[in-house]
Amino acid sequence: MAPTTSLTVDQAHAYLAELTVIDVRTPGEYASGHLPGAHNIPLDHLDAALPVLKSAAGRCSLLLVCASGARSGQARERLAEHGIAAADLTGGTTAWIQLGHDVHRPAGARAAWAMERQVRLAAGSLVLAGLLTGRRFPAARWLSAGVAGGLVFSALTDTCGMAKVLAKLPHNRPKATDLDATLAALAD
């Protein structure tokens with residue numbers, strides 16, 4: 001197993017030129033703003049990128065980034081299981097932006113909502129639908145109870161099944177050519 005670590009925003013900013021930055025958020029989140037020079041490999045495509053990431057880690061230290069640090073921590077652990085050393089950014093791009101560091105946005109890219117915001121909208125909508133429909137059909141309230149239980153489970157385990165489902169929506173999916181181009185750039 002490879003050694004793993006976390007970097008603070010200040011540490012990452014100081015060594016950014018010496019790091020290969022991998023943003024594991026969805027393409028929509030990545031387009032809304034990412035660290036300079038970051039490559040987008042969504043968390044659910046990480047396994048396909050393992051050989052390229054192993055090669056890239058041999059040339060330069062890897063820094064994994066997401067919005068808050070949760071997904072990048074999962075990615076770091078997954079890479080460590082395959083003998084690939086990487087660090088993750090404590091606090092993610094949220095902390096990076098809060099400290100006033102620049103983020104890059106692709107020209108003409110439409111900014112998608114952050115995954116956490118998408119989850120809040122979906123969860124809130126499902127709870128509201130369950131409660132409103134439950135006025136006529138009481139069994140529909142179980143939808144609200146199920147979402148509430150899922151949110152509690154999500155908080156306790158620091159995972160999010162709803163985010164995994166939402167990541168499969170078209171605006172959150174990478175185009176094959178985008179992922180292929182990213183992997184080709186990392187392979188060089």
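Excluded from the calculations below are hydrogen atoms, water molecules and symmetry mates; all remaining heavy atoms, backbone and side chain alike, are included.
For S61, there are no side-chain hydrogen bond (donor to acceptor under 3.5 Å, both in side chains) partners two or more places apart in sequence or in a different chain. With sequence neighbours excluded, the residues forming a side chain to side chain contact (heavy atoms under 4.5 Å, CB included) with P36 are L16, W96, H104, listed by chain and number. Under the salt bridge (charged side-chain N to carboxylate O under 4.0 Å, His left out) criterion, D47 pairs with R78, sequence neighbours left out.
At a threshold of 4.5 Å between side-chain heavy atoms, the hydrophobic network of Ile, Leu, Val, Met, Phe, Trp and Tyr places V103 and L7 in one connected group. Cluster membership check: V65 does not share its hydrophobic cluster with L46, using side-chain heavy-atom separations under 4.5 Å among Ile, Leu, Val, Met, Phe, Trp and Tyr. Under a hydrophobic-cluster definition in which Ile, Leu, Val, Met, Phe, Trp and Tyr are linked whenever side-chain heavy atoms come within less than 4.5 Å, directly or via other members, V147 and M115 are assigned to the same cluster.
The two residues I84 and A57 have their closest heavy-atom pair at CG2-CB, 3.8 Å. Looking at every heavy atom in both residues, G83 comes nearest to K54 through O-NZ, 4.4 Å. Shown here for L62 and A56, the closest heavy-atom pair between the two residues is CD2-CB, 4.2 Å. L64 approaches A86 most closely through the heavy-atom pair CD1-CB, 3.8 Å. Minimum heavy-atom separation, A187 to V52: N-CG1, 3.9 Å.
T94 OG1 to L99 CG: the interatomic distance, rounded to the nearest 0.5 Å, is 11.0 Å. The CG atom of D10 lies 11.0 Å from the OG1 atom of T90; values are rounded to the nearest 0.5 Å. Interatomic distance, NZ of K164 versus SG of C160, reported as 8.5 Å (0.5 Å rounding). Atom CG of L89 and atom OG of S68 lie 10.5 Å apart (nearest 0.5 Å). Here the CG atom belonging to N40 is positioned 8.5 Å from the NE2 atom belonging to H34, to the nearest 0.5 angstrom. Interatomic distance, S72 OG to L43 CG, rounded to the nearest 0.5 Å: 9.5 Å.
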Checklist entry - side chain to side chain contact (heavy atoms under 4.5 Å, CB included) between Y15 and L63: does it pass, once the steps are laid out? => result CA-CA 10 Å; Y15 296 103; L63 176 64; over 6 Å; no
Next on the checklist: Could you walk me through whether H39 and T20 satisfy the side chain to side chain contact (heavy atoms under 4.5 Å, CB included) test, starting with their C-alpha distance in whole Å, then the side-chain angles of each, then the deciding distance to 0.1 Å, before giving a yes or no?
Outcome noted: CA-CA 8 Å; H39 301 277; T20 298; 4.1 Å; yes
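Checking side-chain atoms of S154 against main-chain N and O of G150 turns up no donor-acceptor pair under 3.5 Å. At least one donor-acceptor pair under 3.5 Å links the side chain of Y30 to the backbone N or O of A38. Put simply, the side chain of E77 never gets that close to the backbone of Q74: no donor and acceptor are under 3.5 Å apart.
In this structure, the side chains of L35 and D102 stay at 4.5 Å or more apart for every pair of heavy atoms. Residues Q11 and V9 have side chains not in contact (no heavy-atom distance under 4.5 Å, counting atoms from C-beta outward). Annotation: side chain of L166 is in contact with side chain of M162 (closest heavy-atom distance under 4.5 Å). By the 4.5 Å heavy-atom criterion applied to side chains, P42 and V24 are not counted as neighbours. Considering only heavy atoms from C-beta on, I41 comes within 4.5 Å of L183 through its side chain. Counting heavy atoms from C-beta on, the side chains of H82 and L50 come closer than 4.5 Å. Using a 4.5 Å heavy-atom cutoff, the side chains of L131 and L143 are not in contact. Counting heavy atoms from C-beta outward, L186 and L53 have side chains that approach closer than 4.5 Å.
Listed by first then second residue, pairs satisfying side-chain hydrogen bond (donor to acceptor under 3.5 Å, both in side chains) with a partner in residues 134-151 number zero, not counting sequence neighbours. Applying the salt bridge (charged side-chain N to carboxylate O under 4.0 Å, His left out) test to pairs two or more places apart or on separate chains, those with a residue in residues 58-74 are E29-R71. Sorted by first and then second residue, the salt bridge (charged side-chain N to carboxylate O under 4.0 Å, His left out) pairs with a member in residues 13-28 read D23-R25; sequence neighbours excluded.
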